[in-house]
> 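Here you go, one structure.
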Amino acid sequence: MLTTSSIQQVTKREILIIAAIAFVAVTIFSTSSFLYPFNSWVDANCMFTVGKSVFCGKVPYRDLMDHKGLLLHLIYGIGSLISFRSFFGVYVLELIAGFVFLLYSYKALLLFTDRKILYYVPLLALGVYSAWSFEQGASAEEFCLPFLSMGLYIGLKSEKVGSLTGKDAFLLGFLASCVFWIKYTIVGLFMGLPLYYLFFYVRNKDYAGLLRSAAFFLMGLIPLSLGVVCYFVFNHALADMWTVYFYDNIFHYGTTSEYHGSLPRVVHNELVGVKLILYNPVLVCMFIGTLIALISQKNKRLLCCCGVCFLSAYVPLFVGNPIRYYVLPLVIFAPFSLLMVRGWCSRSKILQAGNNKRFLYPAFLFIALVLGVFIKFDTTRGLLSNGMDNPTFKIRDIIMEGRETPPVMIEYGIMDIGVYTVCGSIPECKNFCHLNLNLSDEMEVQNKYIEKELPLYIISNRILTFNGYKRVSFDADGKPYFVYRLNAL
């Protein structure tokens, strides 16, 4: 077993191997990659639309409605600087996120075993990126994985050493702020770790250490949070940020019941979270393997630390409106299942006999890859397709015919299906598409915008009766879509 001082150094060879693993996993399982025609997930397209608009002078919440955090919009905005009309730039950022996630997962494993565990990291990548909860790629949860894995690594390393340094406390605070300004329901891990250390500081009566760690942690929270607040103050949008990102997310997101927020509803949602985890059979096996591996360490403090971290990460995820991709942040606990897999392989006479490892290892990885593609077939069936049946491209061809610059348009009563993305358009209407915030004025804003005949094109999946527009209809994937063109054109 390596010492905690030596695990800081990861060799160039290991970095290249981990980068290659991340490249293969993200490229195959994320529809943002060049192997797919388009990432058609409505959430990703909405975030891309707002993100690129930020770099064109728009202010989230004030000018355009979305309920994700500013840091996520900046991530997508950076992706748009690489590629304005496709997800290739976002795909590049996914590769970086995947690399960092796998790197710190590997470093966390080195706390318990030697460097040969690297050969099992491809199994972790396949298990995570082929999971049902990975969706089509480029989710807020996916972009949180690097920060979460780094935070868990710091927590476990400090537990191994027996103390939390000021530097690590500061880093935990900074990582917590990053996750908070992407999507604050994912920040639970960074509540669990301080609570864990609080308990042991108090039990050991180390109040000076408690104050020092708390001060550094709070100092870590300040830089990014101060920058976000200053951005909205400078743009006279602090009230908009507070209303949308906090109030509307808490009281309006996904609310379909009068019991929303009540204790019975919260308990029900937490139980639904368990069911959503069970829908990911490979992750379930990995979580069970992690539990067995941690118990086998026979370290009560370590088991307690991981238990507190898991519960603190789990509960906030599902307290509101449980959705399948909310499971993804929990995969930071999956790497430790590799300890059990490696133990089993080292005891296998077949794998250890002669030169079997040289042939069986790549064969086993290939089989795992094929299984991953099969498990994720609802996504991977789009590999290498041209996407010409995608309604988004058909709408683009109608709208952009004979044009070089995109006209003013609006997606009416539907979520963002990507028309803004493929046309390279920046919305002018605040409610540029439908969101799950269930706000009473959403349709009112869109109706008034259309009644003034401001958009040249309206995209919808329903028959509309607005004066001054003529309809073009077509079917795509068995679903009717309608494009309405202003008569004056």
Side-chain angles (χ1 to χ4, degrees), residues 1-11 14-15 18 100-121 124 145-176 188-206 208-210 212-214 216-217 220 286-287 289-313 329-343 346:
M1 183 181 298
L2 302 179
T3 63
T4 52
S5 59
S6 63
I7 61 175
Q8 302 296 331
Q9 301 299 322
V10 178
T11 66
E14 291 170 331
I15 289 175
I18 292 172
V100 176
F101 162 63
L102 293 177
L103 174 65
Y104 277 88
S105 296
Y106 171 59
K107 293 183 71 170
L109 286 167
L110 290 181
L111 292 166
F112 304 96
T113 187
D114 59 40
R115 295 182 184 271
K116 291 182 180 179
I117 196 68
L118 177 65
Y119 298 109
Y120 298 85
V121 172
L124 169 66
L145 290 182
F147 306 111
L148 294 172
S149 59
M150 291 172 67
L152 184 61
Y153 164 72
I154 291 172
L156 294 177
K157 183 191 70 172
S158 300
E159 171 57 31
K160 279 284 191 176
V161 173
S163 63
L164 181 67
T165 66
K167 176 184 175 182
D168 286 342
F170 180 89
L171 284 174
L172 284 176
F174 180 75
L175 294 170
L189 171 72
F190 298 101
M191 295 187 289
L193 280 171
L195 287 175
Y196 172 79
Y197 286 112
L198 172 64
F199 172 79
F200 283 100
Y201 276 127
V202 173
R203 193 185 72 167
N204 297 330
K205 297 182 179 180
D206 184 7
L210 172 61
R212 183 190 71 251
S213 295
F216 277 107
F217 182 82
M286 296 180 82
F287 289 149
T290 290
L291 181 61
I292 294 172
L294 291 176
I295 291 175
S296 67
Q297 295 292 316
K298 297 180 180 180
N299 185 329
K300 291 182 179 180
R301 279 194 55 165
L302 174 66
L303 192 61
C304 177
C305 178
C306 291
V308 171
C309 289
F310 183 86
L311 287 175
S312 65
L330 299 177
V331 302
I332 60 169
F333 298 97
F336 307 105
S337 62
L338 300 183
L339 298 172
M340 190 186 73
V341 174
R342 189 193 173 192
S346 64

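Worth knowing before you read on, the calculation uses all heavy atoms, side chains too, and leaves out hydrogens, waters and symmetry mates.
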> Roughly how far apart are M340 CE and M286 CE, rounded to 0.5 Å?
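Going from CE on M340 over to CE on M286, the span is 10.0 Å.
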
> Please report the interatomic distance OG1(T165) to CD1(I154), rounded to the nearest 0.5 Å.
8.5 Å

> Evaluate the criterion side-chain contact (heavy atoms from CB on, under 4.5 Å) for residue pair N299 and C304; output intermediate values, then yes/no.
CA-CA 9 Å; N299 185 329; C304 177; over 6 Å; no

> Minimum heavy-atom separation for L302 and E159, please, with both atom names.
N-OE2, 4.1 Å

> With side-chain contact (heavy atoms from CB on, under 4.5 Å) as the criterion, how do L118 and I18 come out once you've worked through the C-alpha distance, each side chain's angles and the decisive distance to 0.1 Å?
CA-CA 8 Å; L118 177 65; I18 292 172; 3.7 Å; yes

> Let's go through L111 and K157 carefully: what are the C-alpha distance in whole Å and the side-chain angles of both, what is the deciding distance for side-chain contact (heavy atoms from CB on, under 4.5 Å) to 0.1 Å, and is it a yes or a no?
CA-CA 7 Å; L111 292 166; K157 183 191 70 172; 4.3 Å; yes

> Return the minimal non-hydrogen interatomic distance between D168 and S158, and the atom names on each side.
OD2-OG, 3.7 Å

> Look only at the side chain of T290 and the backbone of F333, and say whether a donor-acceptor pair between them is shorter than 3.5 Å.
yes

> Just by modelled atom types, is the F287 backbone N or O under 3.5 Å from a matching donor or acceptor in the S337 side chain?
no

> Going by heavy atoms in the side chains, are L171 and M150 under 4.5 Å from each other?
no

> Between V10 and R115, which heavy-atom pair has the shortest distance, and what is it?
CA-NH1, 4.2 Å

> Answer yes if the ring centres of Y196 and F200 are under 6.0 angstrom apart, and no otherwise.
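Ring centres of F200 and Y196 closer than 6.0 Å.
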
> I'd like to check R342 versus Y119 (side-chain heavy atoms, cut-off strictly below 4.5 Å). Are they in contact?
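Sidechains of Y119 and R342: no contact.
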
> Considering non-hydrogen atoms only, spot the tightest contact between L189 and L148 and give its length.
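Taking every non-hydrogen atom into account, CD2-O, 3.4 Å.
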
> Return yes if some donor-acceptor pair links the side-chain N/O of S312 with the main-chain N/O of C309 below 3.5 Å, else return no.
yes

> Working to the nearest 0.5 angstrom, can you tell me the gap between L152 CG and F190 CZ?
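Result: 9.0 Å between the selected atoms.
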
> From Y104 OH over to L110 CG, what is the distance, rounded to the nearest 0.5 angstrom?
12.5 Å

> How many angstroms lie between OG in S296 and CG in L291, if you round to the nearest 0.5 Å?
9.5 Å

> Minimum heavy-atom separation for L172 to G151, with atom names?
CD2-O, 3.7 Å

> Can D206 and R212 be counted as an ion pair, charged N to O under 4.0 angstrom?
no

> Check G192 against V308 and note the closest heavy-atom contact, atom names and distance.
O-CG1, 3.5 Å

> I need the I117 CD1 to S105 OG distance, nearest 0.5 Å.
11.5 Å

> Begin from the C-alpha positions of L164 and F217 and carry the test side-chain contact (heavy atoms from CB on, under 4.5 Å) through to its verdict.
CA-CA 11 Å; L164 181 67; F217 182 82; over 6 Å; no

> Assess, by modelled atom type and distance only, whether the side chains of S213 and Y197 contain a donor and an acceptor separated by less than 3.5 Å.
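Looking only at side-chain atoms, Y197 and S213 do not form any donor-acceptor pair under 3.5 Å.
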
